[in-house]
**Student:** 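Structure incoming, see below.
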Amino acid sequence: MELLANCSLANFTFIAVNEANCTNSSNFPFIAQEFKEPEVVRWLRIVAYGMLFLSGVVGNLMVVLAFRQPRMKTVPNLFITNLAIADGVVSLVNVPLVALHAHLSYWPFGNFLCKLLPFLQGVSLSASIGTMMAIAADRYKVIVHYELPKLTLMRAKFWIGAIWLASCVLPSPLLYYSTTIQAPVNGVMRSKCTEIWPNPTAVRVFSLMIFLFLYFIPLVIICGLYGLIARAFRNLPTAQKVSHKAQKHIIRMFNVVVFFFALCWLPYHVLFLYMDYAMAELTSTMLSLVLFTQWLVYANSACDPILYAVFNTNYRRQFTQMLKFSCKRDYSVSSTHAYALQDSRIVIGRQASCPVPCSIADKEQEPRRPTI
């Protein structure tokens, strides 16, 4: 399984699928060679992963916090929050450990995390695609079969729980086949995190199942549902099209989220299916592609909150209010320090981080708009 298993060759970390110990190149499905990675490339990768870590953790946390507002508590927003939780787990746990592993060229985190990290990424992928299917099904029911009862928040929470439970099934073999082994790194025996499968057929079948059930088939279902929704919109009378304008904005945002998911994960699946089935030779170009596709997968988790802010007015407003609240706290602390020391004619206080006085910004109240 290609989700996170790592086999390091010399100073170049290779994220791959093995059916044998990496120390034995004759049993390794690729031709093991030593690749020297430029130091500048190694540090650029740290910077790139650091950007994903910050944007992924902070952005997805803001999405989760936005749902605490009463007017944000809707079924679509609950599903978006679940997506943010799945993306946030990957950004918080997988991104920094994988970046450090690639930089060190060996696995210093022990056998437990070697088993846990690939499983977590598999569960997160399953939960994300399951949530996107649930969103498409809910919008299809609301717009096409509007005469049926709408999904309540309580029932939506039940379906989210079912999605997470089901998400643990397909990646579960990673808990068994992921393990640490000892292999030389620059002449020193180091731990490697890899997957040891009983035979090449097993890993090929598993990778194909991941591609079909966590990428291809769900995307076909999602595209089919959104296609039916688009047809329903086209057949609406002119008067009803105006009233469904808000729904069209929601569908547009979800379409963009699904598009970026498909775009970021497609190179990853194609590359690893090619390596699993073609038994391709391990070259520096192939390794660079592997590292890039892995980064692209994590970029998908980090960019979703940006998409919500760009395409959804309510999330954009909530994010802005969070930033204003942080600014207001800085200003209020500054005022407190100033007044406390006013009698001694010493004014010590932090300047407000607002470019304009916060009191003016606080008085501006945006009109209430319908939530999604």
Side-chain angles (χ1 to χ4, degrees), residues 1-20 22 25 28-35 37 41-42 44-45 48-49 52 87 90 94-95 97-99 101-103 105 117-122 124-126 128-129 170-171 173-174 177-178 192-197 199-220 258-303:
M1 170 56 189
E2 66 272 14
L3 280 176
L4 250 187
N6 295 274
C7 178
S8 182
L9 300 176
N11 292 327
F12 209 112
T13 301
F14 173 46
I15 307 169
V17 194
N18 312 336
E19 74 268 14
C22 294
S25 60
F28 189 54
F30 305 96
I31 298 177
Q33 306 175 31
E34 289 192 2
F35 299 103
E37 191 178 23
V41 175
R42 289 159 55 84
L44 283 176
R45 184 171 59 239
Y49 272 87
L52 293 185
D87 290 336
V90 171
N94 293 64
V95 170
L97 295 185
V98 169
H101 180 205
H103 191 74
S105 300
L117 258 67
F119 176 72
L120 274 181
Q121 185 168 322
S124 174
L125 170 61
S126 303
S128 296
I129 194 66
L170 195 55
L174 296 174
Y177 292 114
S178 297
K192 306 288 186 178
C193 180
T194 186
E195 297 169 15
I196 302 181
W197 293 83
N199 53 68
T201 302
V203 69
R204 290 171 183 169
V205 171
F206 187 64
S207 296
L208 183 61
M209 290 177 61
I210 292 294
F211 172 72
L212 290 177
F213 292 106
L214 297 184
Y215 185 81
F216 182 75
I217 294 176
L219 286 180
V220 170
V258 173
F259 171 77
F260 271 90
F261 174 87
L263 184 67
C264 292
W265 278 93
L266 180 60
Y268 188 85
H269 286 296
V270 170
L271 180 61
F272 278 99
L273 285 173
Y274 169 73
M275 291 194 300
D276 289 343
Y277 281 84
M279 305 295 287
E281 179 182 352
L282 183 61
T283 63
S284 58
T285 301
M286 186 70 71
L287 290 173
S288 299
L289 288 174
V290 168
L291 292 173
F292 173 73
T293 56
Q294 183 76 34
W295 182 88
L296 201 60
V297 164
Y298 294 141
N300 175 244
S301 298
C303 75

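This is a predicted model, so every value here is computed, not measured.
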**Student:** Which heavy atom of Leu263 sits nearest to which heavy atom of Leu296, and what is that distance?
**Tutor:**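 Heavy-atom minimum between the residues: O-CD2, 4.2 Å.
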**Student:** When rounded to the nearest 0.5 angstrom, what is the spacing between OG1 in Thr201 and CG in Asp276?
**Tutor:** 11.0 Å
**Student:** Compare all side-chain heavy atoms of Cys264 with those of Val297 and state whether any distance is below 4.5 angstrom.
**Tutor:** no
**Student:** Would a distance-only check, ignoring hydrogens and angles, find a side-chain to backbone donor-acceptor pair under 3.5 Å from Arg45 to Ala99?
**Tutor:**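 Such a contact is absent between Arg45 side chain and Ala99 backbone.
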**Student:** Hey, are the side chains of Phe272 and Val290 touching, using non-hydrogen atoms and a 4.5 Å cut-off?
**Tutor:**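 Side-chain contact under 4.5 Å: yes.
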**Student:** Quick one: pull up CG in Leu117 and NE2 in His101 and give me the separation to the nearest 0.5 Å.
**Tutor:**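 So the gap between those two atoms works out to 10.5 Å.
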**Student:** Quick check for you: to the nearest 0.5 Å, what is the distance between Arg42 atom CZ and Ser105 atom OG?
**Tutor:**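 One gets 5.0 Å once the value is rounded to the nearest 0.5 Å.
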**Student:** Is there side-chain contact between Ser178 and Thr194, with heavy atoms separated by less than 4.5 Å?
**Tutor:** no
**Student:** Do the two ring centres, one from Tyr268 and one from Trp265, sit under 6.0 Å apart?
**Tutor:**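 So the answer is yes for these two rings.
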**Student:** Could I get the full list of side-chain contact (heavy atoms from CB on, under 4.5 Å) partners for Phe260, not counting sequence neighbours?
**Tutor:** Val256, Asn300, Cys303, Leu307
**Student:** Please give me the minimum heavy-atom distance between Asn94 and Leu120, naming the atom from each residue.
**Tutor:**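 Answer, listing the atom of Asn94 first, then Leu120: OD1-CB, 4.1 Å.
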**Student:** Residues in ring-ring contact (aromatic ring centres under 6.0 Å, His included) with Tyr215, at least two apart?
**Tutor:** Phe211, His269
**Student:** Give the ring-plane orientation class for Trp197 versus Phe206, where under 30° counts as parallel, over 60° as perpendicular and anything between as tilted.
**Tutor:**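 Rings of Trp197 and Phe206: tilted, as their planes differ by 30° to 60°.
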**Student:** Would you name the heavy atoms of Gly122 and Leu214 that are closest together and state the gap between them?
**Tutor:** O-CD1, 4.5 Å
**Student:** Is it the case that the side chains of Tyr49 and Gln294 hold a donor-acceptor pair, with the cut-off being a distance below 3.5 Å and no angle test?
**Tutor:**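 No pair is found: no donor N or O on one side chain lies under 3.5 Å from an acceptor on the other.
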**Student:** Would you say that Met209 contacts Val205 through its side chain, given a criterion of any heavy-atom pair below 4.5 Å between the two side chains?
**Tutor:** yes
**Student:** Taking the side chain as every heavy atom from C-beta outward, state whether Ser126 and Pro171 have any atom pair closer than 4.5 Å.
**Tutor:** yes
**Student:** Find the distance between CG (Leu271) and CG (Leu289) and round it off to the nearest 0.5 Å.
**Tutor:**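 Spacing of CG (Leu271) from CG (Leu289) equals 6.0 Å.
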**Student:** Nearest 0.5 angstrom please: Ser301 OG to Gln121 CD, how far?
**Tutor:**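 Taking OG in Ser301 and CD in Gln121, the distance rounds to 8.0 Å.
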**Student:** Could you tell me which non-hydrogen atom of Val90 sits nearest to which non-hydrogen atom of Ser124, and how far apart they are?
**Tutor:** CG2-OG, 3.1 Å
**Student:** Which pair of heavy atoms, one from Ser128 and one from Asp87, lies closest together, and at what distance?
**Tutor:**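 Smallest interatomic distance, heavy atoms only, reads OG-OD1, 3.9 Å.
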**Student:** As an exercise, state the distance from OG1 of Thr293 to OH of Tyr298, rounded to the nearest 0.5 Å.
**Tutor:**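 Result: 10.5 Å between the selected atoms.
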